[in-house]
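In the text below, chain A, chain B and the rest are named by the order of the sequence lines, each starting its count at 1.
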Amino acid sequence: MRVNQLHPWPTTVAEAEAIQDRLRLHVELTGPRAFTLVAGLDVHYVDDERLTAAVVVLDAATLSVVEQVTVPGKAEFPYVAGLFAFRELPALVAALERLTVTPDLLVCDGYGLAHPRGFGLACHLGVLTGLPALGVGKTPFVGAHTAPAPERGAWTPIVLAGATVGRALRTRDGVKPVYVSQGHRIDLETAAEQVLRLSPRFRLPEPIRRADHLARHPA
DNA sequence: GCGACAG
DNA sequence: ATCTTGTCGC
């Protein structure tokens, strides 16, 4: 698939934050409610410099693999919480560009709106590609929330500065929740619904599990 | 001011 | 992210 050209790459924290503040204005919080091709994205670090980006496209109805791609790369920015996307974005974009199919939805490993400046990795990837995107975090990051009930499907809002920016969502009975937030062109209800539907068996959505596995064991 | 801080 | 054992439960 085709991805818009990357903006000039930041060298400093201030430049990176300025890019987030500018691109944030392009985020759309509503979009399609159903999808046919869902992509999971993840990165595995070989060492402090080198990494492997993986994208796996699944049939949304059957969860079977339609296409998968890995791309070697390097971390393009130091790790700074809140600027995490700048490490992995170039490699993830390169992987997306190698896809012969265009997914309907990007399921990203990390946050979207639930971010200090409201522009996490899922928003960034969504805006660059123009595709609906959502973020799934494994640990709480920003905002306040209470623990959801222990049953699969239970959820509580994540609130930041008085606004709801995501949901703590239980995808398995008695297992730690995941943290869902909107990336681009999707509403929160749909994002949470998709994460639950894509996680029929394990805590993490199948697209992310597949991408994680592929990134660790490149083809 | 200090510590904590998505992956 | 990663370094890491055994243990419990499906």
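Residue contacts for Leu51(A): at a heavy-atom cut-off of 4.0 Å it reaches no nucleic acid atom on any strand shown. In this structure, Gly82(A) reaches the bases: a heavy-atom distance under 4.0 Å links it to at least one base atom across the strands shown. Leu83(A) comes within 4.0 angstrom of a base, heavy atoms only.
Note on ring orientation: taking the six-membered ring where Trp is involved, the planes of His7(A) and Trp9(A) are parallel (angle under 30°, cut-offs 30° and 60°). Between Phe86(A) and His124(A), the angle of the ring planes goes over 60°, which puts this pair in the perpendicular group of the 30/60° scheme.
Protein atom CG of Asp48(A) is 14 Å distant from nucleotide atom P of dA1(C), rounded to whole Å. The CZ-C1' distance, from Phe84(A) to dA6(B), rounds to 6 Å in whole Å. What separates CG of Leu121(A) from C1' of dA1(C) is a distance of 14 Å, to the nearest Å. Atom CD in Glu49(A) sits about 15 Å away from atom C1' in dA1(C), given to the nearest Å. The separation between Asp47(A) atom CG and dC3(C) atom P is 12 Å, rounded to whole Å. Across the protein-nucleic acid pair, Leu204(A) atom CG and dG7(B) atom C1' stand 13 Å apart, rounded to whole Å. In this structure, CZ of Arg216(A) is placed 9 Å from P of dC3(C), rounded to the nearest angstrom. In this structure, Phe86(A) places its CZ atom 19 Å from C1' of dA1(C), rounding to the nearest Å.
Evaluation of the side chain to side chain contact (heavy atoms under 4.5 Å, CB included) rule for Val46(A) yields Arg50(A), Thr52(A) as partners, not counting sequence neighbours. Asp109(A) is linked by a side chain to side chain donor-acceptor pair (under 3.5 Å) to Lys138(A), counting only residues two or more places apart in sequence or in another chain.
Interatomic distance, Thr171(A) OG1 to Arg152(A) CZ, rounded to the nearest 0.5 Å: 7.0 Å. Leu41(A) contributes atom CG, which lies 5.5 Å from atom CG of Leu92(A) (distance to the nearest 0.5 angstrom).
When base pairs are accepted only as Watson-Crick or G-U wobble with both N-N or N-O distances under 3.5 Å, DNA chain B takes part in no stem of 3 or more pairs. Helical stems involving DNA chain C, defined as 3 or more consecutive Watson-Crick or G-U pairs under 3.5 Å, do not occur.
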Trace of the side-chain contact (heavy atoms from CB on, under 4.5 Å) decision for Glu189(A) with Arg167(A): CA-CA 9 Å; Glu189(A) 178 67 30; Arg167(A) 286 184 185 179; 2.8 Å; yes
Evaluate Thr190(A) against Phe35(A) for side-chain contact (heavy atoms from CB on, under 4.5 Å), listing each step before the verdict. CA-CA 10 Å; Thr190(A) 301; Phe35(A) 308 92; 3.9 Å; yes
Go through the steps for Phe119(A) and Val127(A) under the test side-chain contact (heavy atoms from CB on, under 4.5 Å), then give the verdict. CA-CA 10 Å; Phe119(A) 196 76; Val127(A) 168; 4.0 Å; yes
Test side-chain contact (heavy atoms from CB on, under 4.5 Å) applied to Glu28(A) and His184(A), step by step: CA-CA 5 Å; Glu28(A) 296 170 24; His184(A) 185 50; 3.9 Å; yes
Protein-nucleotides 5-7 of chain C N/O pairs under 3.5 Å:
none

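A close approach under 4.0 Å does occur between a side-chain nitrogen or oxygen of Tyr79(A) and OP1 or OP2 of dA6(B). Not one side-chain nitrogen or oxygen of Arg87(A) sits closer than 4.0 Å to the OP1 or OP2 atom of dA6(B). His44(A) has no side-chain polar atom (N or O) that falls below the 4.0 Å cut-off from OP1 or OP2 of dG7(B).
Listed by residue number, the members of residues 170-200 of chain A with any heavy atom below 4.0 angstrom from DNA chain B form an empty set.
Taking a cutoff of 4.0 Å between a charged side-chain nitrogen and a carboxylate oxygen, Arg24(A) and Glu17(A) do not qualify as a salt bridge.
Among the candidates Arg209(A), Arg216(A), Arg210(A), the single residue satisfying the side chain to side chain donor-acceptor pair (under 3.5 Å) test with Asp212(A) is Arg216(A).
Between Ser64(A) and Asp59(A), the side chains place no donor N or O within less than 3.5 Å of an acceptor N or O (distance only, hydrogens not considered).
Dense packing is recorded around CZ of Arg117(A), with more than 12 heavy atoms of other residues, nucleotides or ligands lying under 6.0 Å away.
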